[in-house]
Every structure is written in structure tokens, then in C-alpha cells.
Amino acid sequence: MKKESNPRSTEFVPYVSPEKSLPELTLLACALGILLAIVFGAANAYLGLKIGMTVSASIPAAVISMGILRGLFRRNSILENNIVQTMTTAGEAIGAGAVFTLPALFLWDLSPSQAMIVFIVLTGGFLGVFMMVPLRRLLIVNEHHTLPYPEGTACAEVLKTGDTGGRNARLVAGGFLAGGLVKALGDGFKLFKTEVETQIANFKNAVIGIDTYPALLGVGYIIGPRIAGQMLAGGLLGWLVLIPMISFFGAGSKDTIFPAEAPIAELDAWGLWQGYITYIGAGAVAMAGLITMVKTLPTLIRSIRDTARSAREYRLSGQALARTDQDIPLKWVGLGVLVVVIVLAFAPVTNVGMVGALSIAVFGFLFVAVASRIVGIVGSSSSPVSGMTIATILIVTFLFKISGMSGMDGMVAALTVGAVVCTALAVAGDISQDLKTGYLVGGTPWKQQLAMMIGVVASGLVIGAVLVVLDQAYEMGSKELLAPKAVLMKTIIEGMMQGNMAWDLIFLGAAIAVVIEFLGLNSLVVAVGVYLPVHVSTPIIIGGAVRWLVDFFTKDEGLRRLRKDAGVLFASGLIAGESLIGVVIAVLIVAGVPIPESPVSEKGWISCAVFLAVAMLLWYIAHRASSDSVKNRN
């Protein structure tokens with residue numbers, strides 16, 4: 001048992017061996033990847049402006065890639081499909097980085113040029129790729145057995161299933177149909193609501209809720225009960241402790257306490273979460289990230305040293321690095337980071353100066369390391385990129401203010417730094433998942449890293465036009481385009497420049513992270529739970545509970561592994577189905593196809609019943625697996 005948890009106890013063998021060479025970074029793969037990167041970038045930009053979140057692109061891209069490359073062009077290279085999904089995720093990441101920050105420029109009535117938007121997202125995207133390169137060996141290789149990277153693992157299963165066919169394909173296809181059907185019925189046709197919550201009786205503003213999304217169920221199954229439970233602990237701390245406590249102590253106050261916009265007595269649970277808990281959660285995530293960085297720093301330094309030593313030994317011995325262990329050379333990575341930082345320091349289009357450029361370099365690398373580890377635990381969809389962006393903006397705005405850069409110039413510079421870092425974090429998180437996929441299927445790292453940069457360029461060149469068109473059509477900040485994350489960034493920057501930031505809430509969150517760490521828990525996972533609504537953690541813990549039930553009722557170790565893998569295949573299908581249909585719905589909305597605004601039925605039990613049915617189906621699929629039924633498993 002202990003030997004299996006040690007990443008160096010056995011030599012991992014990928015699906016495609018290092019000695020084998022297949023078509024990978026081909027012109028056809030690049031063309032398809034560029035097209036999908038643009039489409040997913042635009043769709044996610046709209047979703048991010050509408051509801052403040054984006055959908056995962058890797059698995060839908062893998063499914064689409066296999067359908068086109070295998071179905072139409074009769075191509076049989078799994079590595080080619082991996083390149084397509086890698087490039088596509090760049091569009092999702094660029095969309096998230098842009099819409100979580102840059103709409104604040106429109107809210108300030110500055111009418112930013114497309115050139116400015118393109119410059120910001122491209123520099124952030126390149127930094128995200130460059131800074132992840134030296135971390136690949138540490139996070140993807142050395143911690144292969146401890147960081148599951150749920151979406152990357154799920155994507156690898158989808159790719160391998162498409163390559164082998166048979167029962168594995170039916171498992172993924174079944175999950176794909178189930179996840180896609182529930183998503184279509186819930187968020188497409190709006191037959192039932194997909195968010196259910198209830199107030200706990202005689203416990204003011206204590207709310208428990210659930211987002212009944214099959215994808216979150218699948219993520220919970222893949223990451224397992226322990227990590228899912230710690231994430232839920234953070235959510236319960238926020239929604240059953242902090243929110244009711246704030247409500248209790250502020251019930252008699254008629255004054256509005258910053259940063260909320262109304263007295264506590266007039267706020268419901270969501271108002272308290274938006275007004276106070278998001279700041280506490282941001283402080284917790286920032287401190288937990290620093291703790292994680294300090295704890296992993298020796299390993300990181302050792303990993304980089306070992307990588308350089310191994311490369312030197314290979315050169316001296318005349319041997320070449322294995323194909324599956326070749327990154328972009330560190331000298332080019334260092335040069336790339338240096339060039340981007342210098343350009344940012346002196347480019348008149350952004351005017352962040354040396355202070356801003358150095359802040360981007362420092363916080364970029366710090367939070368890239370943290371973001372890449374977070375997505376390895378909870379997945380890209382639940383990564384608190386906005387929380388780390390908030391932490392960056394808090395510090396950078398303070399630095400600009402004390403250096404004399406204030407007013408609108410200072411606010412724009414602070415937002416620019418935050419936007420570059422936010423984009424870098426989003427890109428780094430997505431390429432981490434992609435590199436995990438590549439590690440499992442046997443991809444070439446440097447080709448994936450280059451593919452990600454091509455995807456960054458493709459989506460980055462059009463994202464400015466997308467934002468400008470959406471602003472002209474709907475107006476940023478309107479009911480149609482709330483841009484919730486960008487509004488929060490704008491509020492924080494204005495508050496810092498005006499000297500009335502809610503530091504007590506930030507420090508409270510930081511203190512919570514320290515306490516959690518001393519309790520022996522993973523402070524980063526718990527902090528993520530605090531920052532996100534508890535509605536996200538509850539479906540994840542149910543997925544973890546399904547995984548626990550499968551393990552509990554299976555005594556034979558070999559059979560337990562087979563059942564776990566069968567469940568992972570079906571869970572991968574759930575994630576793929578919901579993600580793909582989510583993107584289809586987004587494209588239909590952007591295309592102007594009428595989508596119902598409210599659900600046909602407001603009864604929460606319908607949504608919960610559908611979700612529990614999917615959970616029971618997941619358990620049944622995993623539990624019925626036997627040596628005979630999964631003998632074709634690779």
C-alpha cells in the first residue's frame with residue numbers, strides 16, 4: 001500500500017511508450033486546435049461575463065478531435081488528438097483570464113483598444129506556459145500518484161478509450177450520454193433548476209445547497225473522499241459558521257459595514273457571502289498558497305536541480321532524453337520570461353512600469369506554482385484563480401499607491417497586472433491538466449507546450465474583438481452581462497486606492513488557513529472550499545462518497561482497482577458530456593438562439609432526484625465491474 005503511494009517506487013509506463021513515435025504536432029492537428037481554441041475562447045468569454053464561471057474544454061475537445069480526425073480523416077494517432085485538446089484549452093484559459101478582469105476597463109468607460117486586450121492576454125498566456133515548464137517534473141512526474149489532476153486523468157481515459165474501443169468506450173459513452181442529457185434538460189431546456197438550496201430552520205442565514213451537475217459528481221469520484229471531504233469542510237465553515245455568525249452579531253446594526261452594500265440585517269446568505277466571505281476566502285487562499293509554496297520549495301529546488309543534472313548527464317553520456325521527458329529547454333524558458341517582463345515594463349500600451357513588471361514576475365511564478373497544484377487536487381473548474389488574482393491586486397495596488405501612482409492611472413495599472421497574472425494562472429492550470437494527460441498517454445512535453453502557445457496566440461488575437469462586440473451589444477455590467485468577477489476586481493482596486501479596504505476580512509481568512517494547517521489538514525483544499533459556494537462542494541463530496549462505497553464493499557485489492565477504474569471511465573464520460581453540452585448551449589446563446597430564462601419547475605426535489613439517479617448509476621457501473629467485464633482494460 002505504501003509502495004504504491006510512492007511515486008518513485010515503480011517506473012511508470014505511458015500508453016504510448018517513449019520509444020514509439022506517432023504523428024503529433026501535425027498541420028492538421030494545429031488547424032483543428034486553432035479553430036476549437038477560438039470557438040471555446042469566445043463561448044467561455046460569454047459564459048464568464050454572464051455567470052462568472054467557465055466550462056472545461058479539454059474533454060470536449062478530445063471528443064471532438066477523435067470524431068473529426070478519426071471519423072473524417074481516418075487518422076489513428078492518440079498523440080495528435082492530445083495536441084488538439086491541448087491547444088483548445090488555451091482558448092478556455094484566455095477567455096477566463098480576460099473576462100475575470102478586463103471588463104473593469106469598460107466599466108470605467110475607458111473603451112480599451114483591442115490591441116491593449118490582445119497584448120495583456122498574450123503576455124499572460126506566454127508567462128503561464130513558460131512558468132509551468134520547470135514545474136512539470138515536480139507536479140506531474142514526481143507527484144503522479146498524489147496529484148490526480150481529475151480533468152487531465154479523465155481526458156486521458158477518453159483518449160485511450162477512443163483508441164482501444166470495446167467496453168471501455170461503452171463506459172465513457174454511457175457517462176457522456178448521461179452527463180450531456182442532464183445538462184441539456186437542466187440548463188438547456190430548463191426543465192428543472194440545477195441549483196437547489198434550503199435554509200436550516202431556526203438558524204438564521206444558515207444555508208446548505210447543491211449544484212446538481214454530473215461533472216462535479218465525476219470530479220468527486222476521481223479525487224476521492226478524503227480530498228472531497230476537506231473541500232466540503234471549507235464550504236461548511238463558510239456557510240454554516242461564518243455566515244450565520246456574521247448575521248447573528250450584525251442583526252442589530254442598521255449601518256452598512258464595508259465592503260457590503262447594505263446593512264447585515266438586510267442581507268441574505270448570498271449577500272453575506274458576496275459581501276464578506278469572498279474576501280475571507282481570498283485571504284485564506286492567498287495564505288494557504290504561500291504555505292504550500294514554502295512547504296514545496298525544497299522539493300521544487302531539488303526537482304529543478306535534478307532535471308538540470310539529468311540533462312547534463314545525458315549530454316555528457318551522448319544519450320538523448322526520452323521523448324516523453326523533453327521539455328522546452330530551460331534556457332529558452334528563462335529568456336522567454338525575461339523578454340516578456342522587459343516588454344511589460346516598457347510597453348506604453350499598458351504603462352505598468354518596472355514595479356508592475358516585477359510584480360507580475362514574482363506573483364506570476366508564485367501563484368502559477370500554487371494554481372498548478374490546486375488543479376491537481378480539485379480540477380480546473382474549481383480552481384480559485386480569481387482568489388489568487390484578488391491577492392495579487394491587493395498587494396500590487398498598495399505598491400502602486402505608495403510609489404505615487406494613484407488615480408485612474410494607478411487603478412488601470414493595477415488591473416493590468418492582475419489581468420496578466422490571472423491569464424497566466426488560467427493558462428498554467430489548464431496546461432497542467434494537459435501535461436498530465438500527455439504524461440498518461442505518452443505525449444511529448446515540449447510539443448504540448450508549443451501547442452499551448454499556438455493556442456494562446458490564436459484565441460488571444462480574437463478575444464479583444466469578442467469583448468468589444470459583446471460590450472457594444474449588451475454593455476458590460478448590464479443585466480445581460482453582469483461580469484461579476486470583473487466588478488469585484490474593480491471594487492477592490494477602487495477601495496484600495498481610496499484607503500478603505502476590508503483588511504480585517506483578508507487577515508481573518510489568512511488566520512483561518514494557518515489554523516487549518518496546524519490541524520493537519522490540507523489548508524489549500526479547505527481554503528478553496530471556503531472561497532467557493534458550498535453548493536460546489538456538496539456534489540463533489542457525493543462523488544467522493546460513491547468512490548468510498550465502491551472501495552468499502554470490495555475487499556479484494558485487484559477487484560477494487562478494476563472497479564475504481566471502471567468508475568473513473570464512467571465519471572470521465574459524465575464530465576465530457578456535461579462540458580460539451582455546456583459549450584453547445586453557450587454557442588447557441590451567443591448565436592442568438594432563444595434559451596428559456598427560468599426553469600419550468602422550481603421544485604428542487606426533481607433536480608435532486610435526477611442527480612441521485614446519476615450517482616446511483618455511477619455506483620452501479622463501478623460496482624458491477626469484474627475481471628471479465630474489464631479484461632480489455634489497458
Side-chain angles (χ1 to χ4, degrees), residues 30-65 68 84-106 112-122 124-125 128 183 187-188 380-381 385 419 422-423 426-427 429-430 451-478 480-486 578-595:
C30 289
L32 181 57
I34 288 172
L35 176 62
L36 292 179
I38 293 173
V39 171
F40 275 74
N44 275 292
Y46 183 86
L47 277 186
L49 292 170
K50 189 78 174 177
I51 61 177
M53 65 177 293
T54 57
V55 295
S56 176
S58 59
I59 296 175
V63 174
I64 295 171
S65 171
I68 294 177
V84 174
Q85 70 86 16
T86 298
M87 295 178 68
T88 304
T89 58
E92 171 203 343
I94 291 296
V99 302
F100 288 172
T101 53
L102 294 178
L105 297 173
F106 296 92
S113 65
Q114 293 187 35
M116 179 180 182
I117 296 173
V118 169
F119 178 80
I120 290 174
V121 297
L122 287 185
K183 182 69 173 179
D187 285 346
S380 298
S381 299
V385 170
C422 183
T423 305
V427 169
D430 278 354
M452 191 70 170
M453 287 192 281
I454 295 174
V456 165
V457 173
S459 55
L461 289 176
V462 300
I463 197 67
V466 172
L467 292 183
V468 170
V469 169
L470 290 175
D471 179 61
Q472 292 174 348
Y474 301 109
E475 186 180 355
M476 298 291 183
S478 66
E480 288 77 13
L481 291 179
L482 293 173
K485 296 291 179 64
E578 180 182 324
S579 300
L580 186 58
I581 297 303
V583 172
V584 170
I585 293 173
V587 171
L588 292 176
I589 292 175
V590 173
V593 177
I595 300 292

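This structure is a prediction, so every number in the text was calculated from the model and none was measured.
- Shortest non-hydrogen contact noted between A90 and G455 is CB-C, 3.4 Å.
- Residues passing the side-chain hydrogen bond (donor to acceptor under 3.5 Å, both in side chains) test with S459: none are found, sequence neighbours excluded.
- Using a 4.5 Å cut-off on side-chain heavy atoms (C-beta onward), L105 and M476 make no contact.
- Partners of T89 under the side-chain hydrogen bond (donor to acceptor under 3.5 Å, both in side chains) rule, at least two apart in sequence or in another chain, are D434.
- Here the closest non-hydrogen pair linking G33 and T88 is O-OG1, 4.1 Å.
- With sequence neighbours excluded, the residues that form a side-chain contact (heavy atoms from CB on, under 4.5 Å) with A62 are Q85, C155, V158, L159.
- Atoms CD1 and CD1, from I117 and I463 in turn, are 8.5 Å apart once rounded to the nearest 0.5 Å.
- Q114 and V468 make their closest contact through CG-CG2, 3.9 Å (heavy atoms, listed as atom of the first residue, atom of the second, distance).
- Taking every heavy atom of both residues into account, P112 and M116 meet most closely at CB-SD, 4.2 Å.
- In this view, I581 and K183, A184, I585 satisfy the side-chain contact (heavy atoms from CB on, under 4.5 Å) rule, not counting sequence neighbours.
- Contact check for P103 versus L49: side-chain heavy atoms found under the 4.5 Å cut-off.
- Scanning for side-chain contact (heavy atoms from CB on, under 4.5 Å) contacts around V462 gives I38, with sequence neighbours left out.
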- Query: Does the pair K485 and V99 meet the rule for a side chain to side chain contact (heavy atoms under 4.5 Å, CB included), with working shown?
  - Reply: CA-CA 8 Å; K485 296 291 179 64; V99 302; over 6 Å; no
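- Contact record, G125 with V456: CA-CG1, 3.9 Å, taken as the closest heavy-atom pair.
- In this view, T423 and I94, V121, V427 satisfy the side-chain contact (heavy atoms from CB on, under 4.5 Å) rule, not counting sequence neighbours.
- Listed here is the closest heavy atom pair of G188 and I595: O-CG2, 3.7 Å.
- One distance of note links CG of L102 with CD1 of I120; it measures 5.0 Å at 0.5 Å rounding.
- Residues F106 and L470 fail the side-chain proximity criterion, which asks for heavy atoms closer than 4.5 Å.
- Two residues are said to be in side-chain contact when any heavy atoms from C-beta on lie closer than 4.5 Å; M87 and I34 meet this criterion.
- V385 has its side chain within reach of C422: a pair of non-hydrogen atoms, C-beta onward, lies under 4.5 Å apart.
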